Chemist: 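Let me begin by handing over the structure; questions about it come next.
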Number of protein chains: 2
Amino acid sequence: MTTRWLSAEEQRAWRSYISATSLLADAIDRRLQAEAGMPHLYYSILSRLSEAPDRRLRMTDLAEALKITRSRLTYAVARLEKDGTVGREGCPTDRRGHMAVLTDEGMALLERVAPAHVETVRTAVFDHLTPEQVGQLEEICGTITRAIQSGDPGTPGEDLPWRRRSCSS
Amino acid sequence: MTTRWLSAEEQRAWRSYISATSLLADAIDRRLQAEAGMPHLYYSILSRLSEAPDRRLRMTDLAEALKITRSRLTYAVARLEKDGTVGREGCPTDRRGHMAVLTDEGMALLERVAPAHVETVRTAVFDHLTPEQVGQLEEICGTITRAIQSGDPGTPGEDLPWRRRSCSS
DNA sequence: GCGCAGTGGTTCAAGTTTTAAACAATACCT
DNA sequence: AGGTATTGTTTAAAACTTGAACCACTGCGC
């Protein structure tokens, strides 16, 4: 099978995507690091917990929601626990399980930091998009998410003959 | 000034964006790690160089193109040099400067790996988007990029009263 | 020409994060 | 019971990032 290269339009969109996501991730991380002393992922953990019933979630559910490995989550929660923003409890119904619980201190941190974070997201993104574009963004990102999750990793391997095209960043 | 929280639609779009970018970055990194033994950023360096006149670029220009710090680039190029895919040369016109140069070996690696990478991007993204959506994606990402680059980091600070809303991940 | 601010790029030290593999404990199924 | 699958942690190693300090050079004003 010959390689299905990106068209010129796709190429442009892709480059644009790479720039935007890279810049945005950096901007958010920097801001959050300054305001809350933690990177975006850690903030997301607190945020998810704050919305969960009883401010607590099973580790696996949390990892699932954030699309990260359990190992990574364990590490992150360990740090948050040291910070005092998250606690750990055994799960009553499944003794293997553990719940991460947002502490009052964690909630307070979130309340203090959230406005700044929202402002970052707003000034970097939503202030400049029309309502239609917001809908388009959700639609496109949802499509990407589903495509990846329905596992569809593209056929591996297949060393193909080179035909001078862009290598898609 | 009171916090301008995200609307429900913005909230959904944002969550969707977070999931998609996180999953996509992971998928690309995993694939590239398997095929080329390097993460996406490093591949991007090779790719950019392959498109540059004479397969070479000034370090600063490369850092600029990839939106990363010079320090980070120095580290990355050092590794690529160790791998043999990139070389370093002094800049003829400015003796402070250095050029990163794609070696034949680097080019060969790129040629070997590009099809798999393009396939990843395609199956995760472009295979599922309409041409209109490709245009929308470019437009939206371009807007975000410009918003961030025109510095506009949102007013820092401002501890605001909490009104139970989502903390935007 | 000289001094000096600015640029290009690297180095260094420190810390953070990530990964993969192995592991213990428990649940579930038959 | 017994085997398998989950849950979540641990461990050790490696990879990466950061920020500050730093050197070499340029280019400008005087």
Side-chain angles (χ1 to χ4, degrees), chain A residues 21-45 49 56-83 85-101, chain B residues 22-23 25-45 49 56-83 85-101:
Chain A
T21 53
S22 169
L23 283 170
L24 186 47
D26 282 359
I28 289 174
D29 270 343
R30 249 195 312 281
R31 185 73 179 272
L32 243 23
Q33 198 67 56
E35 303 276 345
M38 61 181 61
H40 189 199
L41 175 62
Y42 293 67
Y43 178 90
S44 298
I45 291 173
L49 288 177
R56 71 191 57 216
L57 283 173
R58 287 286 291 270
M59 293 294 282
T60 294
D61 295 340
L62 190 46
E64 171 73 16
L66 297 171
K67 321 287 186 200
I68 62 176
T69 62
R70 283 175 314 207
S71 183
R72 206 173 157 186
L73 179 61
T74 295
Y75 176 89
V77 167
R79 181 190 138 174
L80 291 174
E81 192 175 21
K82 205 177 317 181
D83 293 349
T85 55
V86 167
R88 251 192 265 260
E89 295 182 6
C91 173
T93 65
D94 182 341
R95 293 210 315 217
R96 291 169 305 182
H98 291 257
M99 323 272 317
V101 188
Chain B
S22 169
L23 283 170
D26 282 0
I28 290 174
D29 270 343
R30 248 196 311 282
R31 185 72 179 273
L32 243 22
Q33 198 67 56
E35 303 276 344
M38 59 181 62
H40 190 198
L41 175 63
Y42 293 65
Y43 178 90
S44 297
I45 292 173
L49 288 176
R56 70 193 57 215
L57 283 173
R58 287 287 291 268
M59 293 295 282
T60 294
D61 295 339
L62 192 46
E64 170 74 15
L66 297 172
K67 321 287 188 201
I68 62 176
T69 62
R70 287 186 310 242
S71 183
R72 206 173 157 186
L73 179 61
T74 296
Y75 176 88
V77 167
R79 178 189 141 174
L80 292 174
E81 192 175 20
K82 205 176 316 181
D83 293 349
T85 55
V86 167
R88 252 191 263 261
E89 293 182 8
C91 174
T93 66
D94 182 341
R95 292 208 315 213
R96 291 168 303 182
H98 291 256
M99 324 270 319
V101 188

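Order of the sequence lines sets the chain letters (A, B, ...), proteins ahead of strands, with each chain counted from 1. Every heavy atom of this structure was used, including side-chain atoms; hydrogens, water molecules and symmetry mates were not. Note that this is a predicted model, so its numbers are computed, not measured.
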Chemist: Could you work out which one of C:dT19, C:dA27, D:dT9 sits closest to the side chain of A:Arg72?
Modeler: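 Closest nucleotide among those given: C:dT19.
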Chemist: From C-beta outward on B:Tyr75, which listed nucleotide comes closest to its side chain: C:dG8, D:dA15, C:dA27?
Modeler: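 The nucleotide sitting nearest to the side chain is D:dA15.
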Chemist: Closest approach to the side chain of A:His98, judged atom by atom: which nucleotide of C:dT18, C:dA27, D:dG8 is it?
Modeler: D:dG8
Chemist: When you compare the side chain of A:Leu80 with that of A:Asp83, does any pair of heavy atoms fall below 4.5 Å?
Modeler: yes
Chemist: Between A:Ser71 and A:Met38, which is nearer to the 5' end of DNA chain C once each is assigned its nearest nucleotide?
Modeler: A:Met38
Chemist: Between D:dT17, C:dT19, D:dT9, which one does the side chain of B:Leu41 approach most closely?
Modeler: D:dT17
Chemist: Of all the choices, D:dC25, C:dT19, D:dC16, which nucleotide is nearest to the side chain of A:Thr69 once you look at every atom?
Modeler: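 In terms of side-chain proximity for A:Thr69, the closest of D:dC25, C:dT19, D:dC16 is C:dT19.
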Chemist: If you only use heavy atoms from C-beta on, which nucleotide in C:dT17, C:dG9, D:dG19 is closest to the side chain of B:Met59?
Modeler: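 Nearest listed nucleotide: C:dG9.
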Chemist: From C-beta outward on A:Arg79, which listed nucleotide comes closest to its side chain: C:dT19, C:dT17, D:dG8?
Modeler: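 Selected nucleotide (nearest to the side chain): C:dT17.
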Chemist: Do A:Arg72 and A:Leu41 make a side-chain contact, defined as non-hydrogen atoms from C-beta onward lying under 4.5 Å apart?
Modeler: yes
Chemist: Contact class for B:Arg70 vs. all strands (heavy atom < 4.0 Å): base, sugar-phosphate, or nothing?
Modeler: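 It contacts base atoms.
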Chemist: Identify which nucleotide among D:dC25, C:dT17, D:dT7 has an atom closest to any side-chain atom of B:Asp94, counting heavy atoms from C-beta outward.
Modeler: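 Output: D:dC25.
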Chemist: Is it true that atom CD of B:Glu64 has more than 12 heavy atoms of other residues, nucleotides or ligands lying nearer than 6.0 Å?
Modeler: no
Chemist: Rounded off to whole Å, could you give me the CZ-to-C1' distance for the A:Arg96 and C:dA25 pair?
Modeler: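 About 9 Å, once rounded to whole Å.
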Chemist: When we call it a touch if two heavy atoms are under 4.0 Å apart, what does B:Arg30 touch: a base, just sugar-phosphate, or nothing?
Modeler: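 Nothing, no heavy atom under 4.0 Å.
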Chemist: Would you indicate whether the side-chain heavy atoms of B:Thr85 and B:Ile45 approach each other to under 4.5 Å?
Modeler: no
